Amino acid sequence: LSRLVIGGAALALIPQLFPRTRPHVWVLVGYLVVASLEQVLIARDFGGRTRALAAGLVDLCVVTFFIHLLGSTTSVFAAVYFFAGTLNALVVGLRVGITLAALNAIAYDAVVWLEWAGILPFAPDGSESMRAVRPTYEVALLATVLVTVLLMASSAVVGMLVHAVRRHEEDLTAANARLEDLSQRDPLTGLFNRRHLFEQLERELARSRRGHRVAV
């Protein structure tokens, strides 16, 4: 749902704040359509990690596109990389989260260095003052190192924490199942006890009320 919220906010605000981006509004509209389709797939539990990875790649393309339009080293939109990396690590796990973080870092670094080399125009839809100055070598190096290191580190830390929490949850679930089994068995013989018998009787009597036969 965060994709729909962020995409809707971007569609409402970016064309107003940066009028030169209005010809590219179709990108945001398309992104909202894809995000809506993904919500349908999530609701139907379809695709798993493959769907999550594909959705992350769509995020990467849209975010990188607008970061290039508005200034890779001067706009605050690079922060969206960190937001997306944290969400991916929280929702889809460590492996997919780290993979998407690495791809985001590569995409950002590529844009910055292509702008530094003059192959891509810098901030073509930004303000006049921004378009007049390309990033220097020092600025490009600092921006790419900071974004790459912080993005990878934050995604890795969040992913490892989520992995540890899920592992503890699995251990707790297994322990609870073991305790439940022990509570229904005689400790000497291992046979089911009175508690298990009454639970089974209640279950069978409930079935008998729906027309099933029951015998003891």
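Bear in mind the structure is a predicted one, so any value in this text is a computation, not a measurement.
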### Query
Quick one: salt bridge (Lys or Arg N to Asp or Glu O under 4.0 Å) partners of Arg213, sequence neighbours excluded?
none

### Task
Taking the side chain as every heavy atom from C-beta outward, state whether His212 and Glu204 have any atom pair closer than 4.5 Å.
no

### Message
Show me the pairs that pass ring pair (Phe, Tyr, Trp, His ring centres under 6.0 Å) and involve residues 178-199, at least two apart or across chains.
### Response
Phe192-His196

### Closest non-hydrogen atom pair, Ile67 against Ala78
CD1-CA, 3.6 Å

### Query
What distance do Leu150 atom CG and Tyr81 atom OH have between them, rounded to the nearest 0.5 Å?
14.5 Å

### Message
Less than 4.5 Å apart, side chain to side chain, heavy atoms only: is that true for Ser2 and Leu87?
### Response
yes

### Task
Decide yes or no for Asn104 and Leu151: does some side-chain heavy atom of the first lie under 4.5 Å from some side-chain heavy atom of the second?
yes

### Query
Which hydrophobic side chains are connected to Val5, either touching it within the sub-4.5 Å cutoff or through other members that do?
none

### Query
By side chain to side chain contact (heavy atoms under 4.5 Å, CB included), which residues pair with Thr189, not counting sequence neighbours?
Asp186, Leu191

### Query
Quick one: CZ on Arg44 to CD on Gln39, what's the gap to the nearest 0.5 Å?
13.0 Å

### Heavy-atom closest pair, residues Val25 and Pro15
CG2-CG, 3.6 Å

### Check: Ser183 main-chain N/O paired with Asn193 side-chain donor or acceptor under 3.5 Å
yes

#### Entry: Listed partners of Val145 passing side chain to side chain contact (heavy atoms under 4.5 Å, CB included), at least two apart
Leu141, Val149

### Listed partners of Arg203 passing side chain to side chain contact (heavy atoms under 4.5 Å, CB included), at least two apart
Gln200

Result block: side-chain N/O donor-acceptor pairs under 3.5 angstrom for residues 27-38, not counting sequence neighbours:
unit_1 : atom_1 : unit_2 : atom_2 : d
Tyr31  : OH     : Asp59  : OD1    : 2.7
Ser36  : OG     : Leu32  : O      : 2.8
Glu38  : OE1    : Arg3   : NH1    : 3.3
Glu38  : OE2    : Arg3   : NH1    : 3.3

### Query
What are the two closest heavy atoms between Ser155 and Ala101, and how far apart are they?
OG-CB, 3.4 Å

Could you pull out every donor-acceptor pair under 3.5 Å between side chains of residues 106-122 and any protein atom, sequence neighbours left out?
unit_1 : atom_1 : unit_2 : atom_2 : d
Tyr108 : OH     : Ser72  : O      : 2.8
Asp109 : OD1    : Thr148 : OG1    : 3.2
Asp109 : OD2    : Thr148 : OG1    : 2.8
Glu115 : OE1    : Ser72  : OG     : 2.4
Glu115 : OE2    : His68  : ND1    : 2.8

### Heavy-atom closest contact (Leu100 atom, Leu53 atom, distance)
CD2-CD1, 3.5 Å

### Task
With sequence neighbours excluded, tell me which residues meet salt bridge (Lys or Arg N to Asp or Glu O under 4.0 Å) with Arg185.
Asp181

### Message
Nearest 0.5 Å, please: how far is CG in Leu4 from CG in Leu11?
### Response
12.0 Å

Throw together a table of side-chain donor-acceptor distances under 3.5 angstrom for residues 166-175, partners on residues two or more places apart or in other chains.
unit_1 : atom_1 : unit_2 : atom_2 : d
Arg166 : NH2    : Leu90  : O      : 3.1
Arg166 : NH2    : Val91  : O      : 3.2
Thr173 : OG1    : Glu169 : O      : 2.9

### Message
Holding to side chain to side chain contact (heavy atoms under 4.5 Å, CB included), I want the full list of residues that pass it with Ser208, two or more places apart in sequence or in another chain.
### Response
Leu205, Val214

### Query
Within a strict 4.5 Å, meaning less than it, do heavy atoms of the Gln16 and Arg22 side chains meet?
yes

### Task
Verify whether the ring centers belonging to Phe66 and His24 lie closer than 6.0 Å.
no

### Query
If you take all heavy atoms of Thr144 and Ala140, which pair is closest and at what distance?
OG1-O, 2.8 Å

### Query
Does atom CZ of Arg49 have more than 12 heavy-atom neighbours, drawn from other residues, nucleotides or ligands, at distances under 6.0 Å?
no

#### Entry: Those residues that, when tested against Glu138, pass salt bridge (Lys or Arg N to Asp or Glu O under 4.0 Å) (two or more places apart)
none

### Message
When you compare the side chain of Phe46 with that of Val40, does any pair of heavy atoms fall below 4.5 Å?
### Response
no

#### Entry: Donor-acceptor contact below 3.5 Å, side chain Thr21 vs main chain Phe18
yes

